[in-house]
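See below for the structure under consideration.
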Number of protein chains: 2
Amino acid sequence: MAERNLQTVRDLRRSNRSLLLRRLYFGGPLSRQDLIHTTSLSAASVSNVIADLIEDGLVVEAGALESEGGRPRILLRVNSSALHVVGVDVGETRVRVELFDLDLEQLAATDLPLDAGGFTAPEVAARIRTGLETVLADERPGGPALLGIGIGVPGVVQHSPDAVVHGQTNGWDAVPLERMLREFTDLPLFIDNGAVTMGQAEMWFGAGRGSRNTVVALIGSGVGASVVTAGSPYRGSTSSAGEWGHTTVQVGGRRCRCGSRGCLEAYIGAESVIARYLETVDDPAVRDAPDEESALAALLARADSPAARTVLDDTAVHIGAGVANLINLFNPERIVIGGWAGLLLGAGLLPRIRETAREYALHHPFSQTRITLGDLGPDAVTRGAATLPVDRFLAAGGSRPRVETAQPAPAAGR
Amino acid sequence: MAERNLQTVRDLRRSNRSLLLRRLYFGGPLSRQDLIHTTSLSAASVSNVIADLIEDGLVVEAGALESEGGRPRILLRVNSSALHVVGVDVGETRVRVELFDLDLEQLAATDLPLDAGGFTAPEVAARIRTGLETVLADERPGGPALLGIGIGVPGVVQHSPDAVVHGQTNGWDAVPLERMLREFTDLPLFIDNGAVTMGQAEMWFGAGRGSRNTVVALIGSGVGASVVTAGSPYRGSTSSAGEWGHTTVQVGGRRCRCGSRGCLEAYIGAESVIARYLETVDDPAVRDAPDEESALAALLARADSPAARTVLDDTAVHIGAGVANLINLFNPERIVIGGWAGLLLGAGLLPRIRETAREYALHHPFSQTRITLGDLGPDAVTRGAATLPVDRFLAAGGSRPRVETAQPAPAAGR
DNA sequence: TGGGTTGAATCACGCCTTGAAATAAGTCCG
DNA sequence: CGGACTTATTTCAAGGCGTGATTCAACCCA
C-alpha cells in the first residue's frame with residue numbers, strides 16, 4: 001500500500017494538478033505554453049487543469065508576454081494570498097511563531113522566551129498557543145484559510161501516527177507534542193526536526209535552490225545535517241537519519257558529549273572548538289564571553305594568533321574531511337554549510353574546507369559537488385517549518401489537507 | 001518531467017499491473033482476495049487486471065485454497081517460465097554469464113577467464129559475446145522471450161544516455177560499454193556497478209529481504225556499499241554514491257591507495273588487513289599465499305596469535321565504527337555485511353563489530369538496526385545483475401522494455 | 001438435493017487525458 | 001484600415017480506466 005499514490009482515474013487529476021501547481025510555485029510566472037512544453041502534458045489538459053485551479057482561486061493570471069506574431073501567452077502564477085500558513089521554531093531559548101502567505105512571505109511574527117536551563121513540553125505548548133493567538137489576531141474570518149502549522153523542534157520526531165518528539169539535549173522522551181497541541185487547535189500539524197526544516201528552507205529559497213540531491217550541513221553548538229535526495233528530505237527508517245555530527249572521523253579520538261569518541265562534533269561543533277582553544281590558551285575574551293556565539297566570534301577575532309590559527313585550521317580540516325565523507329556517501333550536487341557556527345566559521349575557512357574536502361574525497365564525486373555557505377542565516381527555521389504544510393498542499397494538488405492525515409512526509413518504512 | 005510516471009489514463013493501468021505483478025512476484029502465490037485487501041484496489045479492478053495478466057501469459061493460476069464455506073480462492077503466481085533473462089558479472093579475473101528464468105533460477109552458466117593483470121574493454125565485450133552465445137545455445141526460437149541482459153561491472157556507471165563505465169582500478173576511462181555491446185545484440189542492456197547489483201541480490205533474495213532502507217556493506221580487497229533507500233538503490237546525482245570505503249575514519253591516518261589518508265578501506269579492506277598484519281609479523285603462510293583470499297584465510301587461521309589478534313581486533317573496531325557511521329547517516333533497518341572478505345571476517349568478528357558499532361553509533365538509530373552477514377556469498381553478482389531487467393519489467397507492469405529506453409533506473413538528477 | 005456463503009466476473013457510470021478542430025487574440029503588410 | 005497570417009487557448013468527441021452494484025460461479029453443510 002503506502003507508496004502508491006495513484007489508483008483511480010481521479011488521482012490522475014490530482015497528480016496533474018500537483019505537477020502544474022509545483023511548476024508555478026517554484027518556477028515563477030509561467031505561461032500555459034511553458035507548462036505544456038516542460039510537462040509533456042497535452043495542451044488540452046493543461047488548459048483544463050489550469051481552468052480548474054483558477055476557479056479554485058489557487059492560480060491567477062499575471063499579465064501577458066509580448067506577442068511574437070500570434071496570440072500572446074498569458075502568464076500564470078500561484079495566488080500567494082489564497083492561503084496562509086504558520087511556522088514555528090522551538091529553539092533552546094525561545095519559541096518563535098510566524099505567519100506567512102503561500103509564498104512564505106512573513107505577515108506577522110512573535111517571540112516567546114523560554115526560561116533558561118531546561119524547559120518542559122507543556123511550557124513549550126503553552127508558548128505555541130500564545131504565539132498562535134498573537135499572529136492570528138489580525139486574521140479576518142472571511143480571509144484566507146490557514147493551511148496548517150509547521151513546527152521545527154530539536155530532537156528526533158517520530159510519526160506513529162501522531163508526532164512524538166525525542167530530544168536528547170532537552171531531556172524530552174517520547175513527548176506527544178501533536179496530541180498536546182491538538183487540545184487547542186484543529187489546524188493540520190506538521191512537526192519535524194528543526195535541522196530538517198532549516199534544510200528545506202535552504203532547498204526552497206536558499207543555496208540549495210534548484211538542486212535535487214543536496215546535503216545541508218548544520219554546524220551550531222552541535223552538528224547535524226539535512227540530507228535531500230531526489231528532491232525530498234531523507235529520513236531513514238525511523239526519522240533519525242543525517243546524524244552527521246556523530247559520525248566517527250577519528251577512531252578512538254576525542255570524547256564527545258554523546259558518549260562516543262572521535263565524533264565529528266567533538267572537533268567542529270562550536271562548543272568543542274571553543275573548548276579546544278581554551279585548552280591551549282586561557283583567553284579571557286573567549287572564556288568570559290556571555291554566550292557561545294560571542295565566544296566564537298571572539299575566537300575568530302584572534303584568528304591571527306598562533307593558538308587560534310591552529311585550532312581553526314584543525315577545525316577546517318575536520319569540516320573538510322566530514323564534508324568529504326558526505327560527498328563520498330551521498331554524491332550530492334551541492335553541500336551547503338549552514339548553522340550559526342557554520343556561517344561564522346565558513347566565512348573565513350571555506351577555501352581551506354574546500355581544499356581539505358578535495359584531498360579526502362574521491363575525485364569523481366568531488367568534481368560533481370559545489371560546496372557553498374548557506375544563504376539564509378539561522379532564523380530560517382520558521383520559514384522552513386512553514387514549507388511543510390505548503391509541501392503537502394502542493395503534493396495534494398491544491399486540496400487542503402484533512403486534519404487526521406496531516407503528516408510531514410510519506411514516512412519511509414514498511 | 002522525469003519523475004512523473006503517470007499522466008494518461010493508460011499509465012494508470014500500467015501502474016496497477018505493476019503493483020499486482022510486484023505483489024505476486026515477491027509475495028509468492030496469492031489469491032485475488034489477498035490482492036484486493038492489500039492493495040486497496042477494488043475487486044473489479046483486481047479481477048480485470050489479473051485477467052489481462054493471465055491473457056498475456058505473465059500470471060498463471062496455482063491451485064486453490066481450501067474453501068471456508070464458500071467458493072475457494074484461487075491462487076495466482078507469476079509465470080516464471082514466461083521470460084528468460086541474462087545476468088553478467090564482469091569480475092577482475094573472469095566474466096561470468098548466466099541465464100535465468102523470471103524467478104531468477106539459474107538455467108545455464110559459463111565462465112570466461114580474463115588474462116591476468118589488466119584487461120581491455122574489447123576483451124570484456126568479446127567474452128560477453130561468447131558467453132551469451134553459450135548460454136543462449138539451448139534457447140528455442142518459439143520459447144520464452146529474453147527480457148534483457150543485466151551486467152555488473154567494477155567502477156562507476158553513468159547513463160548519459162548510453163551506459164559509460166569509469167573504472168578506477170582497471171584503468172577504464174569513459175568506456176562506452178553499452179555501445180560496444182550493442183554491436184552484437186539488440187537485447188535491452190542494463191549496466192550497473194557490481195556492488196549495486198550484488199546489493200540488489202541481497203535485497204531481493206538474501207539478508208535484506210523485506211526491508212526498504214538497508215545498507216549492504218561490501219568488503220573485498222576494496223570496500224564499497226550499496227545503499228537502498230525507500231526500496232530502491234540510491235545513486236546520488238552522478239551514480240557514484242555509496243563510496244563507503246573512502247570515507248575518512250581517521251583524519252590524517254593511514255595512506256590509502258586512493259591517495260587520501262585515513263580511509264576506512266585502508267583499515268578494513270582485505271589488502272590492507274593483510275598488509276598491516278605482515279607489517280608486524282613476517283608470516284610465510286600469509287605472505288606466500290597464492291591469492292588474497294587464501295592469504296586472509298591463512299591470517300584467520302592464526303587468529304590465536306597475538307599479532308593476528310591485534311590486527312583482527314583493530315579491523316573489527318574499524319568495521320564497527322564504519323558501520324556506526326552508516327547507521328548515524330542513513331538510519332537503516334538493516335546493515336548487511338557482504339563481500340568475500342566481509343563474510344570471511346564477519347564469521348568470527350561479528351559480535352565485536354556489533355559491540356563497536358553500538359559504542360560509536362547513537363543509541364536510537366542503533367537500536368533500530370539489525371546488523372547481519374550477507375546470505376548470498378560473492379557469486380550473487382550475476383543474479384543481482386539479472387534483477388535489473390526484471391525490476392524494469394515489473395515497473396513497466398509486465399510490458400517488455402523497448403531497447404532504446406533500457407536503463408537500470410529512473411536515474412536521479414534533474 | 002437445496003439453502004447458505006464466499007469468490008470472481010460483468011456492466012453501467014462517471015471521470016480522465018488526448019488529438020483534432022474551432023476559436024481567440026495578437027502581428028504584419030499593403 | 002482590413003485581410004492574411006501566426007500563435008495561444010478552448011472545445012469536443014473518442015477511447016480508457018476504476019468503481020460499486022449486480023450477477024454468476026463454486027463450494028460447504030445438512
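This one's a predicted model, so the numbers in the text were calculated from it and none came from an experiment. Just so we're on the same page: letters track the sequence lines, and every chain starts at 1.
For DNA chain C, the outermost nucleotides in 5' to 3' order that have an atom under 4.0 Å from a heavy atom of chain A are dC15(C) to dT27(C).
Contact annotation for S45(B): base contact, defined as any heavy-atom pair under 4.0 Å involving a base atom. Counting any heavy atom pair closer than 4.0 Å across all strands shown, I50(B) reaches no nucleic acid atom. Within 4.0 Å (heavy atoms only), S67(B) reaches sugar-phosphate atoms of the nucleic acid but no base atom.
Between D56(B) and R17(B) a salt bridge is recorded (basic side-chain N to carboxylate O distance below 4.0 Å). Taking a cutoff of 4.0 Å between a charged side-chain nitrogen and a carboxylate oxygen, D52(B) and R13(B) qualify as a salt bridge.
Between D11(B) and L12(A) the shortest side-chain heavy-atom distance does not fall below 4.5 Å.
For the OP1/OP2 pair of dG18(D) and a distance below 4.0 Å, the side-chain nitrogens and oxygens of R13(B) include at least one atom meeting the criterion. Under 4.0 angstrom from either OP1 or OP2 of dG18(D) there lies no side-chain N or O belonging to T8(A).
If you take CG of D52(A) and P of dT10(D), they are 12 Å apart, rounded to a whole angstrom. Summarising the geometry, the separation between CG on L75(A) and P on dA8(D) is reported as 12 Å, rounded to the nearest angstrom.
Among all heavy-atom pairs drawn from Y234(A) and N213(B), the shortest one is OH-OD1, 3.6 Å.
Within the 6.0 Å centre-distance limit, the rings of F330(B) and F330(A) are counted as a close aromatic pair.
Here the CE atom belonging to M203(B) is positioned 4.5 Å from the OG1 atom belonging to T214(B), to the nearest 0.5 angstrom.
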